There are 2 protein chains.
Amino acid sequence: MSDLPSRARLRRPRATGAAPSHVDLAAVVVSATAEQPQVLVLERRGEDDSLPSGPLASDHRTLEAGLRAWVERQTTLRLGYVEQLYTFGDIGRLDPAAAATGHDLSIAYLALVHEARPAAQLAASWRDWYACFPWEDWRGGRPPIMDRIEARLRHWLARSAKAAREGRMERIELAFGFEAGGWNDERALERYELLYEAGLVAEATRQTAGKVAASHMVGGRPMGLDHRRILATAISRLRGKIKYRPVIFELMPDAFTLLDLQRTVEALSGVTLHKQNFRRLVENEGLVEETGEMSEATGGRPARLVRFRREVLRERPAAGVRLPGTRRTVPR
Amino acid sequence: MSDLPSRARLRRPRATGAAPSHVDLAAVVVSATAEQPQVLVLERRGEDDSLPSGPLASDHRTLEAGLRAWVERQTTLRLGYVEQLYTFGDIGRLDPAAAATGHDLSIAYLALVHEARPAAQLAASWRDWYACFPWEDWRGGRPPIMDRIEARLRHWLARSAKAAREGRMERIELAFGFEAGGWNDERALERYELLYEAGLVAEATRQTAGKVAASHMVGGRPMGLDHRRILATAISRLRGKIKYRPVIFELMPDAFTLLDLQRTVEALSGVTLHKQNFRRLVENEGLVEETGEMSEATGGRPARLVRFRREVLRERPAAGVRLPGTRRTVPR
DNA sequence: CACCTTATGCTGCAACTGAGCATAAGTGGT
DNA sequence: ACCACTTATGCTCAGTTGCAGCATAAGGTG
């Protein structure tokens, strides 16, 4: 039964035409404070923000360990929950001129922390992710920037080659739901990619050397390399995941009120929820239990402080916060 | 607004302690024929099956393109639907002795085809994936092998160091649901990893040089390298995904009956469904439309032939086959 | 104390789910 | 022609869940 003798043959030779690749580990570290979703970025003078990242090194026993080491080193932050996000490696994704030098891979991870340490104590900054994606925040209703986006995309469509137009129209409708579809919070990545393709975000001009004037840009703070795309990937993934896994609690402190929880979900998903139904859902799924304490910091009637019921991980395999009653209208 | 001048600084030096890595692209190509889920494997005499794979090369403009090229070259099969699955790269995952030589990365992809070409016309074979994971098929009720698995896992638990026991017990319960939890079809990867850790699958002895006797093994056909783990990852992902995205149709021919569709879903998920409710769900979600044709190959009353309604991709962003009415008991 | 704020309980309706019953329309055998 | 068997398809019915809003509770502030 043992196949030890054949193991040597199973390993492939390293030579055959395969250029060795440079591999980076990159982290999207998310927290939610003050009802805003935050991402950890490194700021360097005169450059766009970048995500914590560094090359995979031979003393990293696992990819995840390497990632944790880099984040800790660059930001002093020790990560808890971590999951692999995506591996980026298309030729020329960092710099079209470098296309000949082989592949630059980035293995991106998503990490969730309920860190509230002020930025000053870290070697990095927390950045509101809607600074990079202003069109993704619908908590106050349709963001004004959507008008501009719609106009620019229609313009792009009109100038598209006939062959490409049909497909692009469908993709736009899918991503932004201008006509019938309506807004889908999970499509953040598709939206960013469309805007990129249409040359409406700053990163696009790095590749095409300024074909589109800056005045036509649609906005959102750019990031270095393709890090804004990586962040968009993380947002899409996270918005999807909170609906079927209780990952939201990774962002919460030990004790919190139901409204705190709701605000955090809303911050990530970018939409507002129906309050009473949200509470009923959370209670019915048994996601939380009483701490017995009360919070007086509500500004109104004191609220019960609850904590996450870890047992649900066993009981309800698919428990998440299923965004009940997404409001179509802004309350008040 | 242009930051072209700073681009050079944004690129990181390649040197800094980073050993260049060897990168493989690997494909889990899935089809479903004869009501069995199949995976495409390469057979080599005297060796375990392996997945189609090959090194990332400098003429691959994108990772996905490289993957398609390798599969086509090794199997003559041209892929349609493809998505990235996971990147594996822990040190020593292929061969513990090779730990010093740097990282071997595998970027794994999941591909779905509705290929029914007989294996003879391909340079590869279709393998029923339950040959590798006999415990994952609950369509005929609880598989007999579960008794053995439960016994061996309890044994492993009893021999575990006290510190590890609590956590392992929880993980076993989560993955297999022996006590209260019940079976969760999506936890295929967790189950394989537990069996591996407990030394109950053949691949584990490659690493530990036969600490566990073959007679204690729990079964399932092994694969080369860590390809069975990659396959388990694909199964988990696919079982989850069919519930919220209409990917199942990538596996179907143009026209099919509702029972065909149900059997395919059951084949992938490994559980049986309530027939009438399944139809109602599929019709209500508007996933299919009439072709007008009938199928006479049913063995009973002829069935309507339907086709996938591509429009749902636009209309219902989260349409999938949500496994309604999973039967607790075997029908008949 | 009037009035603000937020918390929390409850109700009614619509839609969906799970399980099963009943009937339709083929096949093959006698 | 009739029977047994197979699969397709229509329908019911009760329990659950989702959506939306109303009402009340219990803090704070001028």
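Letters A, B, ... mirror the listed sequences (proteins, then strands); counts begin at 1. Source: prediction; values computed, not measured.
Closest to the B:Arg279 side chain, of the nucleotides C:dA7, D:dA8, C:dA19, is D:dA8. Taking the side chain of B:Lys275 as heavy atoms from C-beta on, and the options C:dA19, C:dT8, D:dA8, the nearest nucleotide is D:dA8. The side chain of A:Leu281 has D:dG18 as its nearest neighbour among C:dC21, C:dA19, D:dG18. The A:Arg280 side chain lies nearest to C:dG12 when the options are C:dT8, C:dA19, C:dG12.
For a distance-only test at 3.5 Å, the side chain of B:Asn277 qualifies as a donor-acceptor partner of the base of C:dG18. Side-chain atoms of A:His274 and base atoms of D:dG18 include no donor and acceptor less than 3.5 Å apart.
Counting to the nearest Å, the C1' atom of D:dA25 and the CD atom of A:Gln276 are 14 Å from each other. As rounded to whole Å, 11 Å separates atom P of D:dA8 from atom CG of B:Leu305. The separation between B:Asn284 atom CG and C:dA14 atom P is 17 Å, rounded to whole Å.
Across all strands, A:Leu259 comes closer than 4.0 Å only to sugar-phosphate atoms, never to a base (heavy-atom distances).
Looking at residues two or more places apart in sequence or on another chain, you find a ring pair (Phe, Tyr, Trp, His ring centres under 6.0 Å) between B:Trp135 and B:Phe133. Legend: residues meeting ring pair (Phe, Tyr, Trp, His ring centres under 6.0 Å) with A:Tyr130, ordered by chain and number and at least two apart, are absent.
Here the side chain of A:Arg237 pairs a donor or acceptor atom with the backbone of A:Leu85 at under 3.5 angstrom.
Within the 4.5 Å cutoff, the side chain of B:Lys275 has no heavy atoms near those of the B:Leu258 side chain.
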Is there a side chain to side chain contact (heavy atoms under 4.5 Å, CB included) between A:His114 and A:Glu250? Walk through the geometry before answering. CA-CA 6 Å; A:His114 73 258; A:Glu250 304 289 342; over 6 Å; no
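Within a 6.0 Å radius of CG in B:Asp147, more than 12 heavy atoms belonging to other residues, nucleotides or ligands are found.
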Each nucleotide of nucleotides 25-30 of chain C classed B (base within 4.0 Å of a protein heavy atom), S (only sugar-phosphate) or -, in 5' to 3' order, makes BB----
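Using a 4.0 Å cut-off, some side-chain N or O of B:Arg304 falls inside it from OP1 or OP2 of D:dT9.
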